[in-house]
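Have a look at the structure below, then the notes.
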Amino acid sequence: MTDVSVATDDIEALLERASDGVAFDGLHVTETDGEYALETPGNEWTGLDDAALRRALDSVAAYVTNWRYWQETVGGEGTARRAFLRWCERAPLADADPDAAPTGPRTGGADDADDRPGALGVTDRYDALRDGIDREWGQLSITARFVDIDAPDGERVYDLWHVEDAGRDLADLEIHDDPRDARELATYDEDGRYRPLKTAPTLPGGWAFTGLSGAELVETVEFFYPATVANWHRELRGNLDVDHWLETAERQTGIYDVIDELPREAVEWMTEACCVDSQCLRRREWQYEAGDDLAVDGGDGPFPCREPCSLVVAAARKWATLESEDEHTYELELTTSELNQLEELIDAVAEGRTDEIREADVYDGANRYRARYLRAKRFDDEGDLEATRVDD
Amino acid sequence: MQALVIAAHGSHLNPDASDPTYAHADTIRETGAFDEVREAFWKEEPHFREVIRTLESDEVFVVPLFISEGYFTEQVIPRELRLDDWDPDKWESDGTSASQATLEATDVGKTIHYCGPVGTHDAMTDVIVQRAETAMEDPNVGDGVGLSVVGHGTERNENSAKAIEYHSDRIAERNRFDEVKALFMDEEPEVDDVTDYFESDDIVVVPLFIADGYHTQEDIPEDMGLTEDYRLGWDVPAAVDGHRIWYTGAVGTEDLMADVVLERAADAGADIGDAREAVRRLAASAAEAGTDSSPEPNAGAGAGD
């Protein structure tokens, strides 16, 4: 640790605060009647005069520069931004409610196993920040590191890329440094289709943000995954405000006024269709109403979902209309294989698999030629399935 | 600290719908007038519901990027922002005169200055005129030219038409254009009959919409007879019934819109320093550079969904 460089400036900044007492990340400085006491997890000094305090602080450079970075550069005591940046380097989170929530996205990939016990003290963090500390935030891989690896002065910067690009050479990635570029990157999936849901697990890779400041990192993350930092922080502190389905549905007006008529079982089907891990990185925390949980699991997504999103609300309107129709009994003729094929077709669309089905793979019921054949055979001249309603 | 939130509709279907919102937000970010600037949407993220909690500022100015005082600005946005004490009467508006109301967002305990929509601000009149200037590539456009301001209009809310008429009247009072007429998509007088309302050979038609989409790029061009099929595009100017029609894109995409947003916030008490001058300079230089005011027709839903 001896090669951590502490600037005179750092020490002056700390001395200015010393008379009020400093207690941060294991560094304690107190002043009594002109004499200083200094304490770190490894050392303790008492009865220091001004000059002796300076010398002592010089010998605990990591603690001094760490104090400076967090208290002077980052600041923002109590903010989500600060908590998030602390989480990025596995620092203890001052405002975490130990009973309330995980200290980070619940599933962060491989690095999650050591997540909960694993807050690092200054010494360990300083060692780790030389190589970079990696975290995952949805499909984002974030690295916190020192600006100057050879002679760290406490200043951190952050790199950000897609988790799937974590092993790739930076030279193969498109480099960005403006947080606003994230908006464009988050707008389309890898097939160029619009992503109306920012937390859909379809973020494309191929880019990297490097050397971001803490504020820039948070801004960039928020363009990729809006409001996830704020809601994570609320969950961390145990005050996530969840609005359940009924509250949200009853709040709607205009064309969405009807969605509170969606039957309870349809809400189950809707969450199974939309709010599962394969479709969204958010973990559904809202239920049918307070004290009345939906049977469908909320998933293991890293970010809490605190109320039905606008896509769910818009889709619910369609389902509310569809569910208002009466059911009937129809009679139609199908071979067993044709019935199976209908299931395969629905499955293929539901799993977003249609693009993967090979042109000549006529063994797959959702193959285009198979579907065209079924249509040619079973549709009438009006283009409708030949089915007869048998009830009145 | 003070923050600005630009509240817009956005779209689940059309990725371009939020472009003007981002562009104006970025222009204002460049001025540094606010500690924080956020875009927020009804159909995109961050949603109105969750935008305020992303801010560190205690004082927040919310400016709706909407044309009129109506359903979205009077009901949806305040409700979703959790401005529990909101009532449209707090704007004390005659339908086009809303300035702001000071409220509290109950989930975060912050002071929210909820501003009137950009569409009814007086500065919007200048934006419409600038739109006409860029369309005809003539900074002195007016003589011998008719101007039509086109709006959605709806029988359901009279304020929708009021905003269009308000600016038409203000432009007419300047005696700059030979003729000025407000026309609508969904009520009389209709934009379909645009040539019936003008004697001037040249008619510049400015749609008072926030973003280009279905209405401005499909409906209106076809309704006016600029083209048989929007997918084939249209000429600017286009010859219709012996007139030349200079049809521009949605006025909300004009660079000067950032100035209207700033003025809304300033009227509500935001300290914006000399940001307005900076934005006006920027917009003027962009206009002189002859920005293309006739974007490619694009398909997709606009603000209707």
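Given the structure is predicted, the values throughout are model-derived calculations rather than measurements. Side chains included, hydrogens not; waters and symmetry mates left out as well; all remaining heavy atoms used. Letters A, B, ... mirror the listed sequences (proteins, then strands); counts begin at 1.
For the pair Glu30(B) and Arg180(A), the salt-bridge criterion is met [side-chain N within less than 4.0 Å of a carboxylate O]. Look at Arg183(A) and Asp26(B) and you find a salt bridge, because one of the NZ, NE, NH1 or NH2 atoms lies within 4.0 Å of a carboxylate O, short of that distance.
Annotation: the span from Glu50(B) atom CD to Thr228(A) atom OG1 amounts to 9.5 Å, rounded to 0.5 Å. Interatomic distance, Glu44(B) CD to Leu197(A) CG, rounded to the nearest 0.5 Å: 11.5 Å. Atoms CZ and CD, from Arg82(A) and Glu56(B) in turn, are 11.0 Å apart once rounded to the nearest 0.5 Å. Taking CG of Asp243(A) as the reference point, atom CG of Asp107(B) lies at 9.0 Å (rounded to 0.5 Å).
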> Is there a salt bridge (Lys or Arg N to Asp or Glu O under 4.0 Å) between Arg38(B) and Glu222(A) once you walk through the steps?
Replying inline: CA-CA 10 Å; Arg38(B) 290 277 188 283; Glu222(A) 283 279 290; 5.1 Å; no
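Screening Glu45(B), His12(B), Lys43(B) against Ser310(A) for a side-chain hydrogen bond (donor to acceptor under 3.5 Å, both in side chains) leaves a single residue, His12(B).
If you measure heavy-atom distances from Arg195(A) to chain B, you find no contacts under 4.5 Å at all. Heavy atoms closer than 4.5 Å to chain A are found in both the backbone and the side chain of Arg53(B). Tyr188(A) touches chain B through its side chain: at least one heavy atom from C-beta onward sits under 4.5 Å away, while N, CA, C and O do not. Interface remark: Ala227(A) contributes backbone and side-chain atoms alike to the contact with chain B (heavy atom separation under 4.5 Å).
Along residues 244-253 of chain A, the residues that come nearer than 4.5 angstrom to chain B, judged on non-hydrogen atoms, are Arg251(A), Gln252(A), Thr253(A) in order of number.
The two residues Pro46(B) and Pro226(A) have their closest heavy-atom pair at N-CB, 3.5 Å.
Contact count versus chain B (heavy atoms, under 4.5 Å) is highest, among Val229(A), Asn231(A), Val313(A), for Asn231(A).
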